[in-house]
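What follows is a set of notes on a single structure, which appears directly below.
Positions are given from 1, in the same order as the sequence printed here. Basis for what follows: all heavy atoms, side chains included, without hydrogens, waters or symmetry-related copies.
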Amino acid sequence: MNQMEAREVKETVEHHGEKIELSIPNKAEFVSVVRLTLVAIANRVGFNIEEIEDMKVAIAEACTNAITHGNNTPAESINIHFTLMEKGLEIEVKDKGVGCDVEKIEDPKIEELNENGLGIFIIRSLMDDVKIHSEPDQGMTIIMTKMIG
């Protein structure tokens with residue numbers, strides 16, 4: 001391991017467990033703010049450009065899903081939590097909507113593709129781990145994890 005790699009590993013370990021929280025209005029025009037925030041954090045953690053692009057798409061899909069299906073009014077906010085991991089990043093997107101039956105979320109059928117139903121499929125394709133939690137009248141939470149490399 002060269003000196004630069006050693007410094008990068010040390011910096012990543014030092015920030016392990018740190019959290020960054022962001023709350024945006026339930027409006028599509030604020031998704032770009034979330035994407036820009038993600039880029040800054042992911043770059044700091046040490047992700048390469050391809051990994052960052054994957055995460056940008058995944059977080060945009062999660063936020064768009066929350067805006068479209070989760071929150072009932074524009075006054076509600078969407079909360080995004082970034083947790084720095086030793087060699088990765090965990091991203092949580094939470095809305096305050098009515099929730100849904102997570103067991104009924106299925107991967108789309110290729111022969112029946114349409115605009116709806118692709119978001120979760122795309123997120124699962126781009127991230128290393130995806131967990132979805134929902135409680136009636138408590139909203140839905142999508143927890144996405146991406147590891148470096």
Do [X] and [Y] come within less than 4.5 Å of each other through their side chains, counting heavy atoms only?
X: V31; Y: I67; result: yes
X: I132; Y: R124; result: yes
X: I20; Y: L84; result: yes

May I ask you to say whether D129 pairs ionically with K131, meaning some side-chain N is under 4.0 Å from a carboxylate O?
yes
Using only atom types and a distance under 3.5 Å, with no angle test, would you say the side chain of D95 pairs donor to acceptor with the backbone of M140?
yes
Please answer whether the main-chain N or O of E50 pairs with a side-chain N or O of E53 as donor and acceptor at a distance below 3.5 Å.
no
Please find the pair of heavy atoms, one from [X] and one from [Y], that lie closest to each other, and give the distance.
X: E90; Y: M85; result: N-SD, 3.8 Å
X: S23; Y: N79; result: OG-OD1, 3.1 Å
X: I80; Y: I78; result: CD1-O, 3.7 Å
X: F47; Y: G88; result: CZ-CA, 3.7 Å
X: A66; Y: N26; result: O-OD1, 4.2 Å
X: I52; Y: A42; result: CG1-CB, 3.7 Å

Just how far is it from atom [atom1] of [X] to atom [atom2] of [Y], taken to the nearest 0.5 Å?
X: I123; Y: E61; atom1: CD1; atom2: CD; result: 6.0 Å
X: D128; Y: E51; atom1: CG; atom2: CD; result: 8.0 Å
X: S125; Y: D54; atom1: OG; atom2: CG; result: 9.5 Å
X: K27; Y: S77; atom1: NZ; atom2: OG; result: 12.0 Å

Residues in side chain to side chain contact (heavy atoms under 4.5 Å, CB included) with T37, at least two apart?
L22, V33, I41, F82
Does CD belonging to E29 count more than 12 external heavy atoms closer than 6.0 Å?
yes
Is there a side-chain contact (heavy atoms from CB on, under 4.5 Å) between K56 and L38? Walk through the geometry before answering.
CA-CA 7 Å; K56 281 171 51 181; L38 168 71; 4.0 Å; yes
Assess the residue pair M127 and M55 against the criterion (side-chain contact (heavy atoms from CB on, under 4.5 Å)); give the C-alpha distance rounded to whole Å, side-chain angles, the decisive distance to 0.1 Å, and a yes or no.
CA-CA 7 Å; M127 301 299 284; M55 287 188 289; 3.8 Å; yes
Cut-off 3.5 Å, no hydrogens considered: what does the side-chain donor-acceptor table look like for residues 141-149, sequence neighbours left out?
from: K146; atom 1: NZ; to: L126; atom 2: O; distance (Å): 2.7

